[in-house]
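The first residue of the sequence shown is numbered 1, and numbering continues consecutively from there.
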Amino acid sequence: MSFIPKILVIAGSDSGGGAGIQADIKTITYFKAYAMTAVTAITAQNTMGVQSIYPLPKKTVIDQIQSVLNDLSPDVIKIGMLADIEIINYISKNISNFKIVLDPV
């Protein structure tokens, strides 16, 4: 049986599909890994720019992360857009024992 890496992406959603969660899922799938997500914000964006950003409530983001961590045990956590200092603090205290890829926005 082959090893399939599980990757949790904590990032914003890009409606245009060129960045954020959508781009990360495409990349993870290309490399035959398993993508899990915690969406931090929803954006309206396209190739011309970002028209609006709606940060999701802190509790919702933390619940998504905790749900994955409690069951699916990611091998790597990829961090993108974090829209709230409390989410940043939560992440820094709760994922230090994982391999992390940080892609600051």
Side-chain angles (χ1 to χ4, degrees):
M1 198 162 225
S2 64
F3 172 73
I4 298 174
K6 296 179 293 203
I7 302 170
L8 169 60
V9 179
I10 304 171
S13 172
D14 168 11
S15 58
I21 293 276
Q22 287 82 346
D24 292 330
I25 291 171
K26 291 175 192 177
T27 302
I28 292 165
T29 302
Y30 176 83
F31 286 103
K32 306 210 182 319
Y34 183 77
M36 304 168 290
T37 62
V39 178
T40 61
I42 298 168
T43 68
Q45 69 185 80
N46 54 32
T47 61
M48 296 181 287
V50 178
Q51 290 76 45
S52 65
I53 299 172
Y54 177 75
L56 292 178
K58 174 188 73 166
K59 181 178 179 346
T60 301
V61 175
I62 291 172
D63 286 350
Q64 291 176 86
I65 296 167
Q66 203 58 55
S67 180
V68 171
L69 297 181
N70 287 341
D71 180 42
L72 298 165
S73 188
D75 299 297
V76 176
I77 297 177
K78 195 269 186 182
I79 301 170
M81 178 184 186
L82 301 177
D84 183 296
I85 189 67
E86 291 182 47
I87 295 169
I88 293 169
N89 289 334
Y90 170 83
I91 289 170
S92 69
K93 292 176 185 168
N94 290 282
I95 66 164
S96 61
N97 57 331
F98 292 92
K99 293 177 185 173
I100 298 170
V101 175
L102 180 60
D103 180 16
V105 177

Euclidean distance, Asn46 CG relative to Asp14 CG, rounded to 0.5 Å | 8.5 Å
Without swapping roles, check the side chain of Lys6 against the backbone of Leu72 for a donor-acceptor pair under 3.5 Å.
-> yes
Report yes if some heavy atom in the side chain of Leu69 is under 4.5 Å from a heavy atom in the side chain of Pro74; otherwise report no.
-> yes
Working to the nearest 0.5 Å, report the span between NZ of Lys59 and CD of Glu86.
-> 13.5 Å
Please say whether more than 12 non-hydrogen atoms of neighbouring residues, nucleotides or ligands are located less than 6.0 Å from CZ in Phe98.
-> yes
Side chains of Ile28 and Val9: closer than 4.5 Å at any heavy-atom pair?
-> yes
Backbone N/O of Ser52 and side chain of Thr43: donor-acceptor pair under 3.5 Å = no
Less than 4.5 Å apart, any side-chain heavy atom of Ile95 and any of Ile79?
-> yes
Does CG belonging to Leu102 count more than 12 external heavy atoms closer than 6.0 Å?
-> yes
Supply the atom-to-atom distance Ile62 CD1 to Tyr90 OH, rounded to the nearest 0.5 angstrom.
-> 6.0 Å
Is any side-chain heavy atom of Phe3 less than 4.5 Å from a side-chain heavy atom of Asp75?
-> yes
Side-chain donor or acceptor of Thr40 paired with backbone N/O of Met81 under 3.5 Å | yes
Would you indicate whether the side-chain heavy atoms of Ile7 and Phe31 approach each other to under 4.5 Å?
-> no
Is a side-chain donor or acceptor of Thr29 paired with a backbone partner of Lys26 at a separation under 3.5 angstrom?
-> no
Flag the pair Asn94 / Ile65 as yes when at least one side-chain heavy-atom distance between them is below 4.5 Å, and no otherwise.
-> no
Nearest-0.5 Å distance that lies between atom OG in Ser15 and atom CD in Gln51 | 7.0 Å
Between atom CG of Leu8 and atom CE of Met36, what is the distance when rounded to the nearest 0.5 Å?
-> 5.5 Å
